[in-house]
Protein chains: 2
Amino acid sequence: MPMEAVKPKRRTRIQTEKREIILEAALEVFAQHGFRGATIDQIAEAAGMSKPNLLYYFRSKEDIHVTLMQRLLETWLAPLRELDDIGDPITELRSYIRRKLEMARDYPRESRLFANEILQGAPRVMPMLEGELKELVDEKAQIIRGWMRDGRIVRTDPWHLIFAIWATTQHYADFDVQVRAVLGPDRGAEGRFEDAARFLEQLFIEGLKPKR
Amino acid sequence: MPMEAVKPKRRTRIQTEKREIILEAALEVFAQHGFRGATIDQIAEAAGMSKPNLLYYFRSKEDIHVTLMQRLLETWLAPLRELDDIGDPITELRSYIRRKLEMARDYPRESRLFANEILQGAPRVMPMLEGELKELVDEKAQIIRGWMRDGRIVRTDPWHLIFAIWATTQHYADFDVQVRAVLGPDRGAEGRFEDAARFLEQLFIEGLKPKR
DNA sequence: GCAAATTTTGACCGATTGGACAAACGTTAG
DNA sequence: CTAACGTTTGTCCAATCGGTCAAAATTTGC
């Protein structure tokens, strides 16, 4: 009995298109209300179709969420994957921080969707965190540790450094309404992110440069 | 017509006790599932009483949440309130960061409850963010800015500095399952927070000390 | 001890939820 | 044209939701 691909998943043109529309709508709704707070009706309306029609393309609400999270993790980890051993450590880290901040600015819904999932205890992505994510972080932490051993950046905990970069950048997406409420309407979104970029650059990069 | 207190709120001993039990249970449930994801039945069961009995002490689910958020904000902002103009800037900021990290360690449910509320767009606490919170942050940012003007710490954006301290410390409560998944079971909770404290001290404090 | 006040409960309600299903509607290959 | 296939819809359902209510059980003030 030959081992075939688990799912052939032959898809019509319409199926491909409609699934895409649904996922886009679901991202909007899930990011705003969380998994349990979101309803299939809301997603269906946002996608411009009836509920039974939506359930023709996805078997269940959970199915939509799982598909969404799988895709999300790929694009979400892309910046960290690009962190490279070759090249100047400071430049590499500066680029990573900048890319992460740009993602918080350009894909806030994705950030909030992810934050929601983790906040609820990651019931649907725990295996991915312990597998794929942990491996990637460990690998990159070793690279950073190497830089520290060579005295190219100051010595500190690479894992917590990565956590701090995640926390500070994603904060501008996840806690956006709080940031806006505190800063007031003086500066628009562009200004806020410019200021944030400057601040994070100073905080992390200046702090990491080897003394003398 | 004399202006009296808006609500006399004469409370029985039992009322005081039971309301406390309910709030404790609600904190647990709301922190894990968010407002919409939590059900009155869940809270009632966690509080060890029947649903109608719970609704005898709180008029509605919303009523519980509002009460919880009001109390939360007070204790949540306490560390920032303590940030004082007198005394050494470095010492003050070090204490603030340590206190915030301790709160993330000792009151993770409170942190997650707050994160949930902000993530959903702060529908029930927006006025408090734009009022009380903004005023407090602005006041403390001015103090920090004063320190910078006097050359006692390096010049940077005080508001974003506060955001960064919030983000990094609360990360250990809100994203706890992710942190644990990535770090693995090697070190217990104590070890994680020790490492985090050391890292954050280095990141913020070393970075803020005036050069030469 | 006892009446009044407070607390607790079981039964119930309308609204909303995720999802099922068959019938109807399109579309296209022969 | 028509049979086969893919798509869409209206209707329906059981479960769960937040919340009500009257009656029963308990506590409290005197």
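In what follows, every chain begins at residue 1, and chains take the letters A, B, ... in the order their sequences are listed.
At whole-Å resolution of the value, CD1 in Ile40(B) and C1' in dC17(D) are 8 Å apart. Atom CG in Asp63(A) sits roughly 13 Å away from atom C1' in dG19(C) (whole-Å rounding). As a whole-Å value, the separation of Glu17(A) CD from dT8(D) P is 10 Å. Taking atom CD1 on Ile22(A) and atom P on dT7(D), their separation rounds to 11 Å, with Å as the unit. Whole-Å rounding puts the Arg19(A) CZ to dG6(D) P distance at 15 Å. If you measure from atom CD1 of Ile64(B) to atom P of dC17(D), you get 14 Å, rounded to the nearest angstrom. In this structure, the CD atom of Glu62(A) is 8 Å from the P atom of dG19(C), given to the nearest Å. The CG atom of Asp41(B) sits 14 Å away from the P atom of dT20(D) (whole-angstrom rounding).
In this structure, Glu45(B) places its CD atom where only 12 or fewer heavy-atom neighbours from other residues, nucleotides or ligands lie under 6.0 Å away.
At the phosphate of dT7(D), OP1 or OP2 sits under 4.0 Å from a side-chain N or O atom of Gln15(A).
Between the Arg112(B) side chain and the Leu119(A) main chain, no donor and acceptor come within less than 3.5 Å of each other.
Judged by the 6.0 Å and 45° rule, Arg124(B) forms a cation-pi pair with Phe35(B). Note that Arg192(A) lies outside the cation-pi zone of Tyr172(A), set by a 6.0 Å cut-off to the ring centre and a 45° limit from the axis.
In summary, the side chains of Asp138(B) and Trp159(B) do present a donor paired with an acceptor at a separation below 3.5 Å, with no hydrogens or angles considered.
Look at Glu24(B) and Arg109(B) and you find a salt bridge, because one of the NZ, NE, NH1 or NH2 atoms lies within 4.0 Å of a carboxylate O, short of that distance.
Proximity of residues 44-57 of chain B to DNA chain C (heavy atom under 4.0 angstrom from any strand atom) is restricted to Ser50(B), Pro52(B), Asn53(B), Tyr56(B), Tyr57(B).
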